[in-house]
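Notes to accompany the following structure.
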Protein chains: 2
Amino acid sequence: MKLTSKTRYAMRAMVFLAECGESAPQPLSRIAQCGMPVNYLEQLLGTLRKHGLVRTVRGNQGGYLLARSAGDITLLDIITAVEGPIKKSLCYTNTGVCSKQENCGVNKAWEKVTSGIEQVINRVSLSDMVTGS
Amino acid sequence: MKLTSKTRYAMRAMVFLAECGESAPQPLSRIAQCGMPVNYLEQLLGTLRKHGLVRTVRGNQGGYLLARSAGDITLLDIITAVEGPIKKSLCYTNTGVCSKQENCGVNKAWEKVTSGIEQVINRVSLSDMVTGS
DNA sequence: GTCAATCCCGACCTTTTTAATCGGGATAGA
DNA sequence: TCTATCCCGATTAAAAAGGTCGGGATTGAC
């Protein structure tokens with residue numbers, strides 16, 4: 001339950017791209033000036049591209065652009081892209097001594113928690129992050 | 001944004017203690033039968049005790065008990081105890097090139113996210129986890 | 001009073017994950 | 001053709017998580 005550099009960097013990069021708009025593609029070196037190691041950022045942007053959140057223009061004068069409008073990208077999209085899908089609890093998998101195996105209360109309660117968190121994160125869009133709304 | 005073994009173990013232990021009720025203190029060795037390494041669990045229970053979630057009876061016939069009623073302990077209490085308080089975003093701390101420093105949109109949006117998540121987690125009590133409500 | 005069961009605690013080690021670096025290849029505008 | 005750029009896998013370094021160990025303190029049972 002913690003915010004990693006990966007997510008923080010990805011958020012910064014996406015917010016920056018959102019602020020830049022559709023004008024021109026922003027080169028990696030420019031985005032990295034937001035305070036991130038350029039080589040590491042490159043990996044993250046690759047991941048974001050593979051998940052369809054940014055698109056690229058290759059070659060000279062190339063760079064990165066948002067793949068969709070900022071209002072159409074949520075924090076859940078970004079976090080899921082770089083951190084993977086939000087994990088589910090495994091609940092009493094080992095010895096079974098504590099009984100109840102599959103449909104135990106912990107599982108049900110945890111299910112409620114994860115979907116609740118997903119909702120919260122999914123309600124914040126990239127444009128919200130730009131405007132602070 | 002992931003569930004660690006620490007949290008999973010702590011949840012199991014707390015749920016087990018909740019199921020045992022106020023009858024007798026449960027020794028570490030018994031709790032560990034839920035499928036956790038005993039020495040590691042000991043550390044976790046020490047942390048939970050320091051945060052006032054369990055109390056102990058020392059000496060022979062001793063063990064661990066919930067410090068409060070199961071309805072009065074939430075998932076937020078447990079997670080905060082073992083993982084520390086839910087972190088806040090730092091937002092653009094390095095070069096300042098991306099402008100806006102303090103009260104930027106990302107900070108505001110992230111603030112909303114963390115408090116939202118806290119609410120979700122805080123609404124699930126230990127007794128909810130036992131009953132699955 | 002002794003003994004055994006128990007909590008207590010800090011130090012250490014191992015494994016996994018995260019973060020960062022590097023080198024070379026592909027692409028395309030000027 | 002040259003250079004700025006994306007692309008990508010391999011490697012390393014740093015940090016965190018997960019787990020182990022040994023010895024000390026407490027206390028009920030006998």
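Letters A, B, ... are given to chains in the order of the sequence lines, protein chains preceding strands, and every chain is numbered from 1.
Side-chain atoms of A:Thr7 never come within 3.5 Å of backbone atoms of A:Leu3 as a donor-acceptor pair (strictly under, hydrogens ignored). Of the possible donor and acceptor atoms, none in the side chain of B:Asn122 sits under 3.5 Å from a partner among the backbone N and O of B:Gln119.
Checking the phosphate oxygens (OP1, OP2) of C:dA5, no side-chain nitrogen or oxygen of B:Ser29 falls inside 4.0 Å. Put simply, B:Ser5 has a side-chain N or O that comes within less than 4.0 Å of OP1 or OP2 on D:dG18. Contact between the side-chain N/O atoms of A:Tyr9 and the OP1/OP2 oxygens of C:dA20 is found at a separation under 4.0 Å.
Protein atom OH of A:Tyr64 is 17 Å distant from nucleotide atom P of D:dA4, rounded to whole Å. The NZ atom of A:Lys50 sits 15 Å away from the P atom of D:dC6 (whole-angstrom rounding). Nucleotide D:dA15 holds its P atom 18 Å from the CG atom of A:Leu3, rounded to whole Å. Summarising the geometry, the separation between CZ on B:Arg30 and C1' on C:dC7 is reported as 18 Å, rounded to the nearest angstrom. Atom pair B:Lys6:NZ and C:dT15:P shows a separation of 19 Å (rounding to whole Å applied). The CZ-C1' distance, from B:Arg49 to C:dT6, rounds to 13 Å in whole Å. The CG-P distance, from A:Leu44 to C:dT18, rounds to 12 Å in whole Å. With rounding to whole Å, A:Leu45 atom CG is found 13 Å from D:dT5 atom C1'.
Using a 4.0 Å heavy-atom criterion, one finds that A:Gly46 contacts no nucleic acid atom at all. Using a 4.0 Å heavy-atom criterion, one finds that B:Leu28 contacts the sugar-phosphate atoms exclusively.
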Sub-3.5 Å pairs of nitrogen or oxygen atoms, protein against nucleotides 21-30 of chain C:
from   : atom 1 : to      : atom 2 : distance (Å)
C:dT21 : O4     : A:Gln43 : NE2    : 2.6

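The side chain of A:Thr56 sits closest to D:dC7 out of D:dC7, C:dC7, D:dC8.
Here the straight-line distance linking atom OG of B:Ser69 with atom CG of B:Leu126 works out to 9.0 Å at 0.5 Å rounding. With values rounded to the nearest 0.5 angstrom, B:Glu19 atom CD is found 10.5 Å from B:Thr131 atom OG1.
In this structure A:Asp77 satisfies the side chain to side chain contact (heavy atoms under 4.5 Å, CB included) test together with A:Leu53, A:Arg68, A:Ile73, A:Thr74, sequence neighbours excluded. With sequence neighbours excluded, no residue forms a salt bridge (Lys or Arg N to Asp or Glu O under 4.0 Å) with A:Arg58.
When side chains are defined from C-beta on, A:Arg30 counts as touching A:Phe16, because their heavy atoms get closer than 4.5 Å.
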